[in-house]
Every structure is written in structure tokens, then in C-alpha cells.
Amino acid sequence: MKPIHFSKLFFIASSLMFSYANAQSTNPTLSSKARFKLDFTIGPNFDIAPASDTENKDIFGGRPAVSPFLGVRATHLFSKKMGWYAGININYYKEHKPTGYRQSFFESFFDDFGNALFGPISYVKPSAELGVLYRIESANWSIHPGVGIGHDTYLADKSNTRYKTGSDGVKHELTYDRESSLFTAHIGFSANYYVSRRGYLALHARYHQPLQSATAHVIEKTDGVETSRVDFKSNAIGRGVFAGVGFGLVLGKQ
């Protein structure tokens, strides 16, 4: 058998390498094939309102510094570089009652009774967001920085008025009013690692900033005349960070 010359070996190796490279170029990575995706994540929701605002929780109330959330997010990658997403987060925590507004016996009773009876439901604070993202993809990885807008139920809007008539016939009125369901701006990123053609591990991290000011008021009136008023206003209430990990599915490919 004749020996194979080095030039022939080089030619054969070069041909094989060219064929492999050509096959790779015509066979997109798993991450670049995904077009429609749906993922589920769970993780902590950090409340990062500054201390200068949280000192007024006696009138506004508040939420825990850290609470769990469950996120569901759908993504549509409509071009090679861009996409959009829509997500819903189910935040779960018990509100801290405002101490500056003293509830009546019946208000306190029904609040406590409702929490005891419907606690798992009453602790649910939903939020939603919609945004655009940029695609950075390599092999089985994809990283999508993005910006969006959302609506967050930081604390439920609430309004209560109590009336009392003294022995002298003077009518006293106490009103507590709170508005804290807010529109928010979001900035963050998601990272996906594809473990198969249809499944991937998901990581989401987002910072959200209120676009509206939260307000709370305690107003006292005597015979319809305002005698005392305490106001609170802040555009930091509702500021926070989400960080979740989970699993996703590819629902459609390019």
C-alpha cells in the first residue's frame, strides 16, 4: 500500500474542517432558533424605598423589605436583534398597617377576620409589565437586556370615613385615604440557557421605579370644617428589585 503524502492529508483535513464549519453556519444555535417563549420564575422581591420615606409608614403603611413572587413571562422575538415581552408577577406579602390612622373596632375586626379567612388570597399583590428587549445570543446562551412599563399594586388603594357625634351635638369626621397602585418603569435583563430544543433555564432581574407619586391623607373635620390634615406623598414608594430563576419552554421557532 502506497503511503499517503502530507499534502493529501492536509487536503482531506481542510475539506473536513470546511464541511463542518459550513454545516455549523447553516445550523443556527438553539438560542437563535427560538421565536415564541414562555417561562415561569420564582424569587425575592426587594423593597428599596429610601429610609427618609419609610419613616412615614405611620400614615402610609408598608410592605416587608423582602417578599416572594411568582412570575410568568411570554416573549416574542420578532427579528434577529429585537423582541418584546409581557409578564405578570404574583407578589405575596401581608401589608403593614399604618399606625398613624387608628382603625375602629369594626374595621380592625373585619380586616383581621378577612386576613384569617382569606389570608392566602388577601396577601396576593399582582403586577404586570410590557416592554422591548435586545437580543445577545451565543451558542446555547441568550441574554436580553430590556426596558418596559408596568402597573404595580404596591398596597391596595383604600378610603375609610368614620363619624361621631358628641354629647354637645357636634359632628366629628375622620377620613383616611390612600392611593398606592402605581404605573412603573422597568429596566433589567433576562438570561436563558437552553438545555434542549424546547426547554431552557431562565434568570430574570429587573429594577422598577414608580412613575406616579403614592399619596396618603388623614383628615379630621368638625361640623364639616377641616380642623386637621396630615399628607404624605412620595415617588419612591413602590421602588424595588425582582430577581427570579425558573424554567421556560420554546413554543415556536424561526
When rounded to the nearest 0.5 angstrom, what is the spacing between [atom1] in [X] and [atom2] in [Y]?
X: Arg229; Y: Ile219; atom1: CZ; atom2: CD1; answer: 4.0 Å
X: Met82; Y: His76; atom1: CE; atom2: NE2; answer: 12.5 Å
X: Asn140; Y: Arg197; atom1: CG; atom2: CZ; answer: 10.0 Å

Students often mix this up, so state it plainly: with edges at 30° and 60°, are the rings of Tyr200 and Tyr194 parallel, tilted or perpendicular? tilted

Side-chain contact, heavy-atom cut-off 4.5 Å: [X] with [Y]?
X: Phe232; Y: Thr215; result: no
X: Val170; Y: Thr165; result: no
X: Arg135; Y: Ser142; result: no
X: Trp84; Y: Leu133; result: no
X: Val66; Y: Asp47; result: no
X: Lys171; Y: Lys164; result: no

Shortest non-hydrogen contact from [X] to [Y]?
X: Tyr93; Y: Ser67; value: CD2-OG, 3.5 Å
X: Asp152; Y: Gly238; value: OD2-O, 4.2 Å
X: Pro126; Y: Ile90; value: CB-CD1, 4.5 Å
X: Ser181; Y: Thr153; value: OG-CG2, 4.0 Å
X: Leu130; Y: Ala86; value: CD1-CB, 3.8 Å
X: Arg63; Y: Asn45; value: NH2-O, 2.9 Å

Check the pair Lys80, Glu137 against salt bridge (charged side-chain N to carboxylate O under 4.0 Å, His left out), reporting the backbone distance first and the verdict last. CA-CA 10 Å; Lys80 291 183 178 180; Glu137 296 170 343; over 6 Å; no

Verify the neighbour count for atom CD1 of Ile88: are there more than 12 heavy atoms of other residues, nucleotides or ligands below 6.0 Å? no

Answer yes or no: does atom OH of Tyr207 have more than 12 heavy-atom neighbours from other residues, nucleotides or ligands under 6.0 Å?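 Buried by this count: over 12 neighbours within 6.0 Å.
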
Could you work out, with ring pair (Phe, Tyr, Trp, His ring centres under 6.0 Å) as the rule, every residue matching His186, not counting sequence neighbours?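 Partners of His186 under the ring pair (Phe, Tyr, Trp, His ring centres under 6.0 Å) test: His208.
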
Can a donor-acceptor pair be found, under 3.5 Å and without considering hydrogens, that links the side chain of [X] to the backbone of [Y]?
X: Arg198; Y: Val250; value: yes
X: Glu129; Y: Ile149; value: no
X: Thr222; Y: Val225; value: no
X: Arg35; Y: Thr75; value: no
X: Ser138; Y: Trp141; value: no

Please confirm whether Tyr123 and Tyr92 have ring centers closer than 6.0 angstrom. yes

Run the ring-centre check on Phe40 versus Phe247 and record whether the distance is less than 6.0 Å. no

Indicate, with yes or no, if [Y] and [X] share a hydrophobic cluster defined by side-chain heavy-atom contacts under 4.5 Å among Ile, Leu, Val, Met, Phe, Trp and Tyr.
X: Phe36; Y: Leu38; value: yes
X: Val241; Y: Ile187; value: yes
X: Phe46; Y: Phe69; value: no

Are [X] and [Y] linked by a side-chain donor-acceptor pair shorter than 3.5 Å?
X: Asp223; Y: His172; value: no
X: Asp177; Y: His217; value: no
X: Lys37; Y: Asn192; value: yes

Between Lys233 and Glu179, is the closest basic N to carboxylate O distance under 4.0 Å? no

Using the side chain to side chain donor-acceptor pair (under 3.5 Å) criterion, which residues pair with Glu220? Sequence neighbours excluded.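 Testing Glu220 for side chain to side chain donor-acceptor pair (under 3.5 Å), a comparison that skips the adjacent residues, returns none.
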
For Ser127, which residues count as a side chain to side chain donor-acceptor pair (under 3.5 Å) partner, sequence neighbours excluded? Asn91

